[in-house]
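Everything on this sheet refers to the single structure shown next.
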Protein chains: 2
Amino acid sequence: MARLSGSRQDYLKALYALAPQGEVVPTSRLAAHLSVSAPSVTNMLRRLAEEKLVLHKPRGGARLTARGRREAILMVRRHRILETFLVRVLGLDWAEVHADAEVLEHHISDRVLEAIDRVAGRPDFDPHGHPIPDPRGRMQRRTLLPLASLERGARAVVREIRDADGPRMARWRSAGLVPGASVRMREVQRLDDVFELEVAGERFVTGSEGLDGVLVERRGGAGHGR
Amino acid sequence: MARLSGSRQDYLKALYALAPQGEVVPTSRLAAHLSVSAPSVTNMLRRLAEEKLVLHKPRGGARLTARGRREAILMVRRHRILETFLVRVLGLDWAEVHADAEVLEHHISDRVLEAIDRVAGRPDFDPHGHPIPDPRGRMQRRTLLPLASLERGARAVVREIRDADGPRMARWRSAGLVPGASVRMREVQRLDDVFELEVAGERFVTGSEGLDGVLVERRGGAGHGR
DNA sequence: CGTTCTCGTTAGCCTAGACTAAATCACGGA
DNA sequence: TCCGTGATTTAGTCTAGGCTAACGAGAACG
């Protein structure tokens, strides 16, 4: 199968990001996500439909075909392996590698991808905690819940931190709020929109903004972890 | 300074490859080297001249300006660091990494380049033995001579192997004819176009084809190396 | 000194993938 | 039912970087 252009890859990736289960996505949502005009989207959807990568019902939005979905998941795989590699092997900061991975994912050969996957230790999760699909598109399934939904006293382990802006991510990281960290909910002031947590044993107070991007796995037991 | 397009980078790289000292290069040579038509070259040279990256005397060929040369040398640096990284860190075969480096050199950020240079051990030479320019464009200077020019009995160390086709390179490599290997000239049959060498102590016989791409550094002494 | 041949340039066209402006569809409310 | 409005598509342009065909300059040769 001929190599898809970088632009096509971006459209498929966007469709997958906006509708991982293959739901219909309106033209305008795609345009906004990709920062292009609506006519550009219509135009590209027509081509992708001809190539059987999407189903495009005029004025009825678009959704991925099985083939399109497969390609999109491969892009996700490439991206996450690259991010993991940039952090674990090259030692770059995990809050800063996204842009580089975004570019490289379009230009890396299967051979090089395989090699960096190997030297990165065949990771199952990227530095943000996102699962990395295997070459056939399957990935680890976990049931995670937003950190903010924990009730008082509940313990959990941070598993995933979805893209947040740089400064917030930096603050979280310096407080130890990273994938793998154990947390306990201490107080919730919904009126003041403030959460008081224990992160790896340390007190940490934060506003709720962006906090729904922090996903945790509930930990049993009520012991005072240390 | 705005990022140069991949195409522009290729033209500058080609000009540098064909005229490392900044000599004038005819349009047709560039076209052949880049596998594009002559009008495409004329067209691009006009643009590069407007951007002060080349000097283009209509019907008189083109040559790099100081700025163009700087950009070209940076491309060489990127390429050679990438090749070294692909071999030393990712464990790929040095005869096969050229194409990957060719693509990636256009898309790698300075940050990632710096990091792979670091993990590759800040090499001064790439896996073919080519010197890697430093960030300011300077590189190690060596006086090398073609292997085929050695007289009978002379000893030398292989320093550089310029691109040869895959099969030949594979044969040389399996015989130990790689950068760093010591060699001794045993016989030269110019009529039959055959060279008999000692490579790392082993007898090795080869035709002359492509052999001028193997550059060596003469070794003093007449001892029977082992 | 004129002819020829080679090489380079001009002219015009193509594709991918953007864009804006204008047209049109579909749906909800009167 | 009809109309207004917002979303979407159509129509037409633009840029980068290719291409082929045709033209022209200058060297080489008779």
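Numbered from 1 within each chain, the chains take letters A, B, ... in sequence-line order. Remember, it's a predicted structure, so these values are computed and weren't measured experimentally.
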OP1 or OP2 of [N] versus the side-chain N and O atoms of [X]: is any pair under 4.0 Å?
X	N	result
B:Ser37	D:dC19	yes
A:Ser5	C:dG17	yes
B:Tyr11	D:dG18	yes
B:Ser7	D:dG18	yes
B:Thr27	C:dT9	yes
A:Thr42	D:dT9	yes
A:Ser28	D:dA7	no

Gap between atoms [atom1] and [atom2], on [X] and [N] respectively (whole Å):
X	N	atom1	atom2	answer
B:Leu30	D:dG17	CG	C1'	15 Å
B:Asp10	D:dA16	CG	C1'	14 Å
A:Arg29	D:dG6	CZ	C1'	17 Å
A:His106	C:dA16	NE2	C1'	15 Å
B:His56	C:dC7	NE2	C1'	12 Å
B:Met44	D:dT15	CE	P	15 Å
B:Arg59	C:dT6	CZ	C1'	11 Å
A:Arg47	D:dT10	CZ	P	14 Å

**OP:** Looking at every strand, decide which applies to A:Arg8 at a 4.0 Å heavy-atom threshold: base, sugar-phosphate, or nothing.
**Re:**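 Sugar-phosphate, backbone atoms only, no base.
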
**OP:** Give the nucleotide from the list D:dC19, C:dG8, C:dA21 with an atom nearest to the side chain of B:Pro26.
**Re:** C:dG8

**OP:** Show your reasoning for whether side chain to side chain contact (heavy atoms under 4.5 Å, CB included) applies to A:Arg70 and A:Thr65.
**Re:** CA-CA 8 Å; A:Arg70 196 150 18 93; A:Thr65 62; over 6 Å; no

Subject >> Heavy atoms from other residues, nucleotides or ligands near CZ of B:Arg8 exceed 12 (cutoff 6.0 Å) >> reply: yes

**OP:** Using a cut-off of 6.0 Å, state whether more than 12 heavy atoms not belonging to A:Arg159 lie near its atom CZ.
**Re:**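 For A:Arg159, atom CZ is crowded (more than 12 foreign heavy atoms under 6.0 Å).
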
Subject >> Nearest-nucleotide comparison on DNA chain C, the residue closer to the 5′ end among A:Pro58 and A:Asn43 >> reply: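 Per heavy-atom nearest nucleotide, the more 5' residue is A:Asn43.
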
**OP:** For this output row, return yes or no: ring centroids of A:His98 and A:His79 closer than 6.0 angstrom.
**Re:**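 So the answer is yes for these two rings.
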
**OP:** Using side chain to side chain donor-acceptor pair (under 3.5 Å) as the criterion, point out the one residue from B:Glu83, B:Arg162, B:Arg80 that pairs with B:His128.
**Re:**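 The side chain to side chain donor-acceptor pair (under 3.5 Å) with B:His128 is passed solely by B:Glu83 among B:Glu83, B:Arg162, B:Arg80.
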
